[in-house]
Amino acid sequence: MPKPKAKSARKNPQPKPINQNSSVATLAMSSLHITLEALEKEHQRLITQIKRKRTELNNFVEQLRSLATQIFSKTDAVVKKMIALDQEIHQLFDEILADKKLGKKSRHKIETIYENLQMIGIIRPQNSPDDYDEENEELDELFEETETDSDAPREQKSEQPKHIRQTFLRLAEIFHPDKVADAESQQRHTEIMQEINRAYHENDLARLLEIEKQHLSGGDIESDNQDDLTRRCQLLEQQNQVLKSQYENLKRELTMFKRTPEGSMVSDYRKAIKEDIDPIAMMVKEAQREAKMIEGVRDFVRDFKNKKITLQHFLKGPDCLGGTREEMLEDLFEEMFGVSVQVSRF
């Protein structure tokens, strides 16, 4: 009987060796994609925040400018009248004190009245700058807009942060009008370059990136190249740091505007309007009342110069002030020394 053939041993297939480098690269690529997605989300969030904060800042400054313009237009005439009255009162005292026949004691008493009128704010201190022009200059400085100048000095351009300058140069290379031949494209590129220049000179990276995204279709990297993804992540990290700084600067600038006297005026104006109060009309009325009071002081000093009233009468002070002098002087002492005092008349 033939012997059965022995079964040949079945060879187990050897597992294919794992390419560790390939596995690590795949994990790294996956991690880079996740990082890139997070950075792009943060990037877009920052640009949106900057856009909102910039709009808020621009709206606040525009409200401030509008309110200041309204106040100026409605109080200009009465303010000019007050300035003219102020100058006239100074001139009258100069003429009174220039009288050589004036006795030493009388001169001293008149000088005291003159100094008191300046101290309590009825008239401006002698030889002080024109507050009216000074206030206008301050407003001009507050609202001064920086003009875009494509021919800005080289040293000014070199101060721009590197990433902003790189973005600017990249966009300028694409959108410079000389890069296209037809008139329609040149016009479009000129308008885009104006936006680019304005954003560059304002250090506005967010706006530059908005322009880039708006006018260029690319930007999203779908490549599986690890080096490309790494470079994209690094670029976004740098840009996001600048965008964070830009956002914080905008917040500080808005806070600064709100803390100025003019900014407080806007807040007070809003509150008054909600309560159906016209603060500008009240301001005009108060200015007119003050102008009338100063006019009464002018008439009083002029009457003394023209010898229509005696020195004794003059030393009592003008009736038009009423309790104003005492109230103002008491407020002055309280503000300076933190104490309440009783002040007598001239």
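No experiment lies behind these values; they were computed from the predicted model shown. Just so you know, these numbers use all the heavy atoms, side chains as well, and skip hydrogens, waters and symmetry mates.
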Exercise. Between Arg231 and Asp227, is there a side-chain N and carboxylate O pair less than 4.0 Å apart?
Worked result: no

Problem set entry | Side-chain heavy atoms of Tyr114 within contact of Leu97, under 4.5 Å | yes

Exercise. Do the side chains of Thr190 and Phe175 get nearer than 4.5 Å, heavy atoms only?
Worked result: no

For this session: Could you tell me whether the side chains of Gln87 and Gln91 share a donor-acceptor contact shorter than 3.5 Å?
Result: no

Exercise. Hydrophobic clusters join Ile, Leu, Val, Met, Phe, Trp and Tyr when side-chain heavy atoms are under 4.5 Å apart, directly or via other members; which others share one with Leu235?
Worked result: none

Exercise. Side chains of Leu67 and Ile280: does their closest heavy-atom pair fall under 4.5 Å?
Worked result: yes

For this session: May I ask you to test the Arg232-Glu40 pair for a side-chain heavy-atom distance under 4.5 Å?
Result: yes

Exercise. Heavy-atom distance under 4.5 Å between the side chains of Asp268 and Pro279, does that happen here?
Worked result: no

Exercise. So do the side chains of Glu248 and Arg252 get within less than 4.5 Å of each other, counting heavy atoms only?
Worked result: yes

For this session: Inspect the contact between Lys51 and Glu56 and indicate whether a charged nitrogen and a carboxylate oxygen are less than 4.0 angstrom apart.
Result: no

Problem set entry | Stepwise salt bridge (charged side-chain N to carboxylate O under 4.0 Å, His left out) test for Glu275 and Arg270 | CA-CA 9 Å; Glu275 297 174 4; Arg270 288 172 176 171; over 6 Å; no

Exercise. Is it true that Arg54 and Asp204 have a side-chain N and a carboxylate O under 4.0 angstrom from each other?
Worked result: yes

Exercise. Is the CZ atom of Arg170 crowded by more than 12 outside heavy atoms at less than 6.0 Å?
Worked result: yes

Problem set entry | Sub-6.0 Å ring centroid separation between His313 and Phe304 | no

Exercise. Among side-chain atoms of Asp182 and Ser185, is any donor-acceptor pair under 3.5 angstrom?
Worked result: yes

Problem set entry | Minimum side-chain heavy-atom gap Arg207-Glu202 below 4.5 Å | no

Problem set entry | Distance-only side-chain donor-acceptor flag, Arg165 / Tyr200, under 3.5 Å | yes

For this session: Decide yes or no for Leu85 and Val297: does some side-chain heavy atom of the first lie under 4.5 Å from some side-chain heavy atom of the second?
Result: no

